[in-house]
Structures are given as C-alpha cells and as structure tokens.
There are 2 protein chains.
Amino acid sequence: MKKNSETAPAVHYRTASQTLIDLLANAVWVEEGALKRGPFAALTVRDVHTIYAISMYEEKTASQLARMVHLSPSAMTTAIDRLVQKGYVERRRSKSDRRVVKLGLTHQGRILYRAHQAFHLKMTQAMFHGFSDDAAGILEKALDNLKNYLQDLLKE
Amino acid sequence: MKKNSETAPAVHYRTASQTLIDLLANAVWVEEGALKRGPFAALTVRDVHTIYAISMYEEKTASQLARMVHLSPSAMTTAIDRLVQKGYVERRRSKSDRRVVKLGLTHQGRILYRAHQAFHLKMTQAMFHGFSDDAAGILEKALDNLKNYLQDLLKE
DNA sequence: AAGAAATACTTCGATAGTCAAACTATCTCA
DNA sequence: TGAGATAGTTTGACTATCGAAGTATTTCTT
C-alpha cells in the first residue's frame, strides 16, 4: 500500500479532527448509558475507572491511585469508602508500612473489571471492523501515536 | 489495501483495546491540564465543551444544548449563567417565540472555540503523523466506524 | 536513641455542580 | 377564549470535590 496523490492530507485532518472531538465527547456518555442498563447501575463512570485502575494484578496504594485518576487524597478516601461499602474493593493495611493502604478487588470487583475490559474490546472490534491485518497495524500505530502525544502533553 | 492471512487480528485487539482505554481515560485530563496553563484557566472542561457545542454557526436553544451535553434543563440554566457571567456566551430571547432562549458566542467565546478546534487538530495531526494518504484514509474510516458504533449505542 | 520532620491516609468544613419538582411566561389549538 | 403544552428558571436537597487540620507511623538527624 504505497501510492498517494498531491492532495494534502490536511483535508482529512479537518473531518477526522471533528470526528475525534465527537468521539471523545460521546465516549463518556456511552459508557454511562451502558452502565445504567447493566447490573452495575449503582456505579458512576468514575467509580468504574477507579476500580479498573486498581486492576486485577498488582496491588496499588491509595495515593498512587489518587494520582492515577486525578483525585485529591481526601477525595480518594471517600471514593474508596464508597467502593468498599458497595463491595467492589478491599482495604488492606500494608504489613511493612502500616501507614499505607493497599487496595485490592473483591470477587465482584473482578467481575466488573472483566466486564469493563470486554466493553472496550467490543469498541475496538467495531473500530477494526472489516480491516485487513495491514490496516489493523496502521490503526494500532495511530492509536499509539495519539497515546504518546497525550502522555507527553500530560507530563509537561 | 485488501485483506488476507488467517492470523486473526484478535491479537492486535488486546493491546489496541488497552491503548484505547488509556486514551479515553487520559484525554479529559490532558484537556484539563492544557486548559489550566492557558488563558482560559477559569473554565472547566465541561464549560469548554458547552461553548464548543453552541458553535460558531447556527444558534442553538438552551434545551437543544442540554440534550447535546447531557445536562438537565435546570443544570443547563446555571451552566449558562456561569458562561454568561464569564463573558463567553450571550442569551438572546427568540423574537418568534419569546419562551425560547437562543445562545450565541461572544467575541471571547469565538476565540475559545477556535482554540479548542486547534487543540484537537493538533491531536489529530499527531495521530496521523508519518502516514501516507492511503493510511490516512484507513484511519479515517476507523474513526468513523468507532463514532458510528458509539452513536448507535447511545441511541439504544 | 530521642526528637523533629516527613509520609500516608483520614476527618472536617466549605463549596460547587447536579437533579427533580414547583413555578412563570409564552404559545398552540380547539 | 381558555386548557393544555412548551421553554426556561428558581428552589431545595444531595453529592463529589477540595484544602486544611488531624492522626498514626516511619525515617532522618544528631
């Protein structure tokens, strides 16, 4: 797939950029809507992201998590209170340093984690729909480009 | 760009999906951060989106706008209050139907509109960086796929 | 090893954004 | 003309958030 024309891709950018805006704006509401209909109706999108950030695998501390989801430590305390109370998250005081609180998912939390993962996987599939492997590679590269760009912006 | 190979792109999906999650999660904070550093520090991301939704071109009514940004009418009233007070938006009572409030951007609002547009255009450029026209076409198609998928989900 | 400083988290008080319900003004149509 | 519908606003209650002060624990300093 080489070739090309003189018509600058700048033309694409305009519409693509608009699409991207719509996309980012809608994504939250789609997630919100999907949530409200499912078995996790009592959770907000932020709750879900917090649970997702805790993740299945490595234990995280409360303050790590606060940084990850951009909450103040105090807000994180109450956010965790909520999630503990609803049965998605467990507080585990660290043995080695009894100040720190390690967070883990309960069984229910793990179920939600997988559901969230599946939700996004379906989105991805929709995005790649009908594409060849080559095209999929391109797409992946583009997503990576964007991710890196945003991460650089965040660091500044 | 045709098709080929049996090796399912499912492999791609996993990582791409993860990238997509990170991306959607980060996008808000990048925007927030960019906002805080710029000359529009007094605005929230939601404010900016509301202003952007009002748009330069066609006048919108308050309730149209409320639907677009997923706010209740009453919340929209106070959101507009904020934006009027800060000098980005104008309320114009419709001549033909004096119940309805048409919304328009002030000069300052238009400046913000363009800045927001430029911000996203840069994101898009980063995403397309180094791509041929063909590749760009694929990417555009993918974005469109995703947008449609999300919009369908929203409608359900 | 004792006291001072730093760290991790929590509690508290204040604030801001949200919604639903009640309200006002205006329009439609029968 | 009057009953009901519509567009937006006001009100009251609620919730998430933050910053500041507080508690418990650890680390550093001398």
Side-chain angles (χ1 to χ4, degrees), chain A residues 25 28-29 31-33 35-37 40-54 58-86 88-104, chain B residues 25 28-29 31-33 35-36 40-54 58-104:
Chain A
V28 183
W29 302 114
E31 205 160 352
E32 182 101 0
L35 210 54
K36 288 289 165 266
R37 279 190 292 282
F40 301 111
L43 295 172
T44 69
V45 171
R46 176 154 245 175
D47 285 338
V48 173
H49 284 161
T50 306
I51 290 170
Y52 198 79
I54 290 174
E58 15 153 7
E59 289 196 318
K60 304 224 170 52
T61 72
S63 31
Q64 280 176 333
L65 205 61
R67 277 190 298 275
M68 288 177 72
V69 292
H70 299 264
L71 277 184
S72 68
S74 53
M76 184 45 81
T77 295
T78 63
I80 294 170
D81 285 346
R82 261 201 315 277
L83 294 176
V84 167
Q85 211 250 310
K86 288 176 184 162
Y88 292 92
V89 171
E90 273 177 4
R91 273 194 176 90
R92 305 172 190 148
R93 217 88 209 183
S94 160
K95 293 282 182 195
S96 57
D97 183 342
R98 306 192 341 89
R99 290 170 305 178
V100 334
V101 170
K102 300 268 195 182
L103 300 167
Chain B
V28 183
W29 302 113
E31 205 160 352
E32 182 101 0
L35 209 54
K36 288 289 165 267
F40 302 110
L43 294 172
T44 69
V45 171
R46 177 155 244 175
D47 285 338
V48 173
H49 284 161
T50 306
I51 290 170
Y52 197 79
I54 290 175
E58 14 151 8
E59 288 195 317
K60 305 226 169 52
T61 72
S63 30
Q64 281 177 333
L65 205 61
R67 277 189 298 275
M68 287 176 72
V69 291
H70 299 264
L71 277 185
S72 69
S74 52
M76 184 45 79
T77 295
T78 64
I80 294 170
D81 285 347
R82 261 201 315 278
L83 294 176
V84 167
Q85 211 250 311
K86 288 177 184 163
Y88 291 93
V89 171
E90 273 177 4
R91 273 194 175 90
R92 305 172 190 147
R93 218 87 210 185
S94 160
K95 291 283 182 196
S96 57
D97 183 342
R98 306 193 343 88
R99 290 170 304 178
V100 334
V101 170
K102 299 268 194 180
L103 299 167

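Note on naming: letters A, B, ... go to the chains in the order of the sequence lines (proteins, then strands), and numbering restarts at 1 for each one.
- A search for side chain to side chain donor-acceptor pair (under 3.5 Å) contacts involving A/Ser72 returns A/Ser74, not counting sequence neighbours.
- Here C/dC9 presents its C1' atom at 14 Å from NZ of A/Lys102, a figure rounded to the nearest Å.
- DNA chain D lies under 4.0 Å from at least one heavy atom of each of the following residues of residues 60-84 of chain B: B/Thr61, B/Ala62, B/Ser63, B/Pro73, B/Ser74, B/Thr77.
- Scanning for salt bridge (Lys or Arg N to Asp or Glu O under 4.0 Å) contacts around B/Lys86 gives B/Asp47, with sequence neighbours left out.
- Take B/Val84 and apply the side-chain contact (heavy atoms from CB on, under 4.5 Å) test, not counting sequence neighbours, and it matches B/Ile80, B/Val89, B/Arg91.
- When the ring-ring contact (aromatic ring centres under 6.0 Å, His included) test is applied to B/Phe40, no partner is found at least two apart in sequence or on another chain.
- Considering only residues two or more places apart in sequence or on other chains, A/Arg98 meets the side chain to side chain donor-acceptor pair (under 3.5 Å) condition with none of them.
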Please tabulate, one pair per line, each protein N/O and nucleotide N/O from nucleotides 27-30 of chain C that are separated by under 3.5 Å, including the distance.
residue, atom, partner, partner atom, Å
C/dC27, OP1, B/Arg98, N, 2.9

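- Applying the side chain to side chain donor-acceptor pair (under 3.5 Å) rule to B/Thr61 yields no partners; only residues at least two apart in sequence or on another chain are considered.
- Minimum interatomic distance between B/Val45 and B/Leu35 (heavy atoms only, all atoms of both residues): N-CD2, 3.9 Å.
- Under the salt bridge (Lys or Arg N to Asp or Glu O under 4.0 Å) criterion, B/Arg67 pairs with no residue, sequence neighbours left out.
- For B/Glu59, the salt bridge (Lys or Arg N to Asp or Glu O under 4.0 Å) partners two or more places apart in sequence, or in a different chain, are B/Arg92.
- Qualifying salt bridge (Lys or Arg N to Asp or Glu O under 4.0 Å) partners for A/Arg99, counting only residues two or more places apart in sequence or in other chains: A/Asp97.
- Between chain A and DNA chain D, the heavy-atom contact criterion of under 4.0 Å yields a 5' to 3' nucleotide range of D/dA16 to D/dT26.
- Following rounding to the nearest Å, B/Gln85 (CD) and C/dG17 (P) show an atom-to-atom distance of 11 Å.
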